[in-house]
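Structure, as C-alpha cells:
Letters go in sequence order (proteins before strands), and every chain restarts at 1. The figures that follow rest on heavy atoms only: side chains count, while hydrogens, waters and symmetry mates do not.
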2 protein chains.
Amino acid sequence: MAEKRKITLKDIARELKLSPSTVSRALNGYASLSEETIRQVKEYAEKHSYVPNALAVNFRKNRTSIIGLIVPEIVHHFFSTTISGALETAKKHGYHVLVAQSGDILSGEVFACRTMLGLGVDGLLISISNETVEGDHIQDFLEEGKPVVQFDKITDQLVTPKVVVDDFNGAYEAVNHLISEGYRKIAHLSGRMEVKNAHERFLGYKKAVEDHGLDFREDWVKNCSAISEQEGYDFTKQLMESANPPDAIFCITDLVALGAMNYLKSARYEVPGQVGLMGFSNWMLSEYTSPNLSSVDQHGFEMGQKATELLIELIKNHDLGDNETVVMKTDLMIRQSSLGK
Amino acid sequence: MAEKRKITLKDIARELKLSPSTVSRALNGYASLSEETIRQVKEYAEKHSYVPNALAVNFRKNRTSIIGLIVPEIVHHFFSTTISGALETAKKHGYHVLVAQSGDILSGEVFACRTMLGLGVDGLLISISNETVEGDHIQDFLEEGKPVVQFDKITDQLVTPKVVVDDFNGAYEAVNHLISEGYRKIAHLSGRMEVKNAHERFLGYKKAVEDHGLDFREDWVKNCSAISEQEGYDFTKQLMESANPPDAIFCITDLVALGAMNYLKSARYEVPGQVGLMGFSNWMLSEYTSPNLSSVDQHGFEMGQKATELLIELIKNHDLGDNETVVMKTDLMIRQSSLGK
DNA sequence: TTGAAAGCGATACCAT
DNA sequence: ATGGTATCGCTTTCAA
C-alpha cells in the first residue's frame with residue numbers, strides 16, 4: 001500500500017528558510033507579509049500540492065466544520081428531502097454533515113447525540129423522535145456551547161431556534177378545501193396527540209370544521225399511533241361501516257391516506273365523489289396513485305435549508321440562539337382525490 | 001453563553017498525582033497497571049464525567065472514525081435505503097458517516113471527494129455519478145492510503161472492491177416472468193448504455209428474449225437518457241402507436257414504468273392483460289400504484305450494509321483491497337402489473 | 001507498574 | 001515584515 005508521505009507546513013518552512021508562522025500567515029492571508037514572500041510560499045505549496053492537515057487544524061482551532069444531523073428515519077421522503085436541503089446549504093458555507101437516524105426511538109437518539117458530541121461536531125440539527133420528552137441529551141450540546149436547531153418534530157422543552165411547518169394552517173386549509181368541494185361529514189385519521197405536529201393538524205382540522213358550522217364528532221377522529229398504511233385501511237373500514245359514515249377523510253399523512261384509499265377502492269367507493277380524501281406531506285407517491293392523492297406540501301427542502309442557515313449563523317457567532325420559531329408555509333396540492341362531490 | 005470548561009486527561013493526572021501516560025493507559029486498558037490505579041482513575045473519570053477530546057485523539061492517531069458516503073441523489077428511495085444500511089453498519093462498528101450527494105454530475109462528485117479528503121475521512125463509499133469516467137478524484141483517496149468501496153453505480157476504471165446488484169440476472173428473471181405469463185412481444189425502456197447497470201439490464205432482457213426464441217427488435221428498445229417518468233410516458237405512446245406494438249414492457253426503473261403505466265391507462269389499455277408491465281428497483285410507490293407495479297427488488301439496505309462492512313474491514317487492516325466484486329441477488333416482486341395475459 | 005518527555009501539525013502570541 | 005516558540009490534548013516510546 002503505497003502511501004505517499006504528505007508534505008507539512010514545517011517542511012515548507014524549512015525548504016524556504018522561513019519560519020512556520022510565516023508560512024502559515026502567507027497561506028492564510030493574515031497579517032502583513034511582503035508580496036514576495038507570499039508569492040514564494042504559495043508557489044511552493046502549489047507545486048508540492050500541499051494540503052493542510054485538517055485534523056491538526058481542527059484540533060488547534062477546536063472546531064470541525066461538521067454539523068450533526070439527526071432524523072427519525074432517512075428512508076422517508078420528507079426527511080430525505082430535508083437532508084438534501086441541509087446538505088446543500090452546508091456545502092455552500094463550507095460545512096460537512098454527519099447524518100444519523102434515531103429510528104424514532106429515544107435510545108437511538110441518545111446514542112447518536114453522544115457519539116456526535118464526542119466527535120466534536122460544531123452544532124446539531126435535529127428532528128426529535130416520537131419518544132423524546134426531556135431532551136437532556138440534546139441539552140448537553142448547549143452546555144458545551146454548541147448550538148442546536150430543531151426542525152419539524154420539535155419539543156418546547158428545549159430553548160433552541162426551531163423551524164416548523166405550519167401544521168395547523170396546512171390542516172385548516174386542507175379541510176377548508178374539502179368543504180369547498182362540497183364534503184360535509186369530514187373525518188380525521190390523526191396521529192398521537194402528544195406529538196406536536198399531529199396535535200396541530202388535529203386542531204386545524206377541528207377549527208375548519210367548526211368554522212363552517214359542521215359537525216365535529218369525536219368518533220370521526222381516529223388515532224393512528226403507528227401512522228401506518230394498515231391503520232389507514234382499518235380505521236377507514238371502521239368509519240365507513242359505522243352508523244355515521246363520513247363523506248371525506250383528512251389523513252395525518254399520505255401513507256395513512258393510501259391505506260384509506262386502498263380500503264375505499266376495495267369496497268367500491270368512488271374517490272373522489274362519494275368520498276373525498278386528503279393526505280399530508282406530499283410524498284412522491286401521491287402523484288402516482290390512482291386517483292392522485294391531494295396533499296399538503298411541507299417544503300422539506302427549504303426547511304432543511306432554513307434550519308441549516310440558522311445553525312451555521314449561530315456557530316459563526318458563537319451564539320446559542322433563543323427560542324425563536326420559524327414557521328414555514330405549506331402548500332395545498334390539489335389533485336384528484338379531493339375534488340368535487 | 002455558559003460554556004463549561006471540559007476536564008482533560010492532564011487534569012485527572014494532576015489531581016490523582018499520576019502521570020498523564022498512566023491515566024491514558026488506565027482509561028484505554030493497555031499495558032500492565034495495578035488494579036487499584038485503574039479503578040481509581042476510572043472512578044475519578046466517571047465522577048467528573050471525563051470525555052476524551054475526540055479532536056485530539058483523532059489528530060494524534062491520524063484517523064477520524066468517519067466514513068465518507070457519496071451518492072448521486074439522496075431523495076431517491078433506493079439510495080436512501082442504501083444510506084440507511086450504511087449508517088446502521090457504521091454505527092455498529094463505531095464509525096460515523098459523512099453524507100454528500102453529487103447531484104449525479106461530475107463536478108459535484110469531485111467537490112464532495114475533495115472536501116471529504118481534506119477533512120480526513122478514513123475511507124469512502126461511493127456510488128458514482130452518470131458523468132464519471134476517469135475517476136482521478138477517487139483515485140486520490142487510494143493514493144493517500146484510504147480505502148474506497150464502490151457500490152451500485154460503479155466504474156471498472158478504479159481498482160476497488162465493489163458491491164453491485166445482479167442487474168443482468170434481475171432483468172433476465174423479470175423478462176422470463178413476463179414470458180411465463182404469456183407475453184411474447186416484449187419491449188424495453190432502457191437507460192443510457194454507457195451506464196453499466198443500464199447496459200446489464202439490457203443484456204439480461206435481450207438474453208431472456210432470445211433464450212425463448214422470441215423476436216428481439218431494435219425498435220422495441222428505447223433509450224431513456226434521463227430515466228424520467230415523462231420519457232416512460234412518451235416512449236410508451238410511441239411504441240403503442242407504432243406498426244408493431246409490444247404486448248409487454250420491461251422498464252429500466254419504476255419511475256419509467258409509472259410513466260408507461262400512466263400512458264397505458266390514459267389510452268385505455270388493460271394492465272395487465274393487454275399489456276404487461278415490469279419495473280426495476282422496487283420503489284416504495286410500486287406497492288401503491290393501481291395496478292400494483294411488479295418490480296425487481298435490489299435490497300438497498302443490505303447493499304449499504306455490505307459495502308460498509310467491506311470498507312471498515314479494509315480500514316482496520318490498513319488495506320486498500322483489490323478488485324473483488326460482491327454481487328447481490330435481486331428479488332422478483334410479482335404484483336399485478338405483470339400478471340397473466 | 002509507572003513516569004518523563006517527545007511529538008502529531010498548525011496557530012498565535014510575543015518578540016524583534 | 002518575520003521569527004521563535006508555547007500550546008492544543010492525547011498517545012507512545014524509552015527509561016526507570
Out of [options], which nucleotide sits closest to the side chain of [X]?
X        : options                  : result
Asn28(A) : dA10(C), dT2(D), dT11(C) : dT11(C)
Ser24(B) : dC8(C), dT2(C), dT12(D)  : dT12(D)
Asn53(B) : dT2(D), dA10(C), dC10(D) : dC10(D)

(Q) Does this structure show an ion pair linking Arg39(A) with Glu36(A), if we count only N-O contacts that are shorter than 4.0 Å? (A)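 Salt bridge: yes.
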
Looking at [X], I'd like to know whether one of its side-chain N or O atoms comes within less than 4.0 Å of OP1 or OP2 on [N].
X        : N       : answer
Tyr50(B) : dC10(D) : yes
Thr22(A) : dG3(D)  : yes
Thr37(B) : dT1(C)  : no

Could you check how far [atom1] of [X] sits from [atom2] of [N], rounded to whole Å?
X        : N       : atom1 : atom2 : answer
Asn62(A) : dT7(D)  : CG    : P     : 17 Å
Leu27(B) : dC10(D) : CG    : C1'   : 11 Å
Glu35(A) : dT2(D)  : CD    : P     : 11 Å
Lys6(A)  : dG9(C)  : NZ    : P     : 10 Å
Leu9(A)  : dA12(C) : CG    : C1'   : 13 Å
Asn58(B) : dA10(C) : CG    : P     : 16 Å
Ile7(B)  : dC10(D) : CD1   : P     : 10 Å
Leu55(B) : dC8(C)  : CG    : P     : 18 Å

Q | Within 6.0 angstrom of Glu46(A) CD, more than 12 heavy atoms from elsewhere | A | no

(Q) Tell me whether the count of non-hydrogen atoms from other residues, nucleotides or ligands lying under 6.0 Å of CD in Glu35(B) goes above 12. (A) no

Q | Geometric class of the Tyr44(A)/His48(A) ring pair [parallel <30°, tilted 30-60°, perpendicular >60°] | A | parallel

Q. Taking the nucleotide of DNA chain C with the closest heavy atom to each, which residue, Ala56(B) or Val23(B), is nearer the 5' end?
A.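 With Ala56(B) and Val23(B) compared, the 5'-side residue is Val23(B).
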
Q: Would you list the pairs meeting side chain to side chain donor-acceptor pair (under 3.5 Å) in which at least one residue belongs to residues 97-126 of chain A, sequence neighbours left out?
A: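 Listed once each, the pairs are Thr64(A)-Asp122(A), Gln101(A)-Ser84(B), Asp104(A)-Asn130(A), Asp104(A)-Lys153(A), Glu109(A)-Thr132(A), Glu109(A)-His137(A).
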
Pick out the pairs of N or O atoms, protein on one side and nucleotides 4-6 of chain D on the other, that lie under 3.5 Å.
unit_1, atom_1, unit_2, atom_2, d
dG4(D), N7, Ser21(A), OG, 3.2
dG4(D), O6, Ser21(A), OG, 2.9

Q) Hey, is Phe59(B) doing a stacking thing with dC10(D), by the 5.5 Å centroid and 30° angle criteria? A) no

(Q) Pairing donors with acceptors under 3.5 angstrom, does anything connect the side chains of Ser21(A) and Ser24(A)? (A)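 Their side chains do not contain a donor-acceptor pair, so the 3.5 Å distance test is not met.
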
(Q) Restricting to non-hydrogen atoms, name the atom on Phe141(A) and the atom on Cys113(A) that form the minimum distance, rounded to 0.1 Å. (A)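 Scanning both residues, the minimum pair turns out to be CZ-O, 3.5 Å.
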
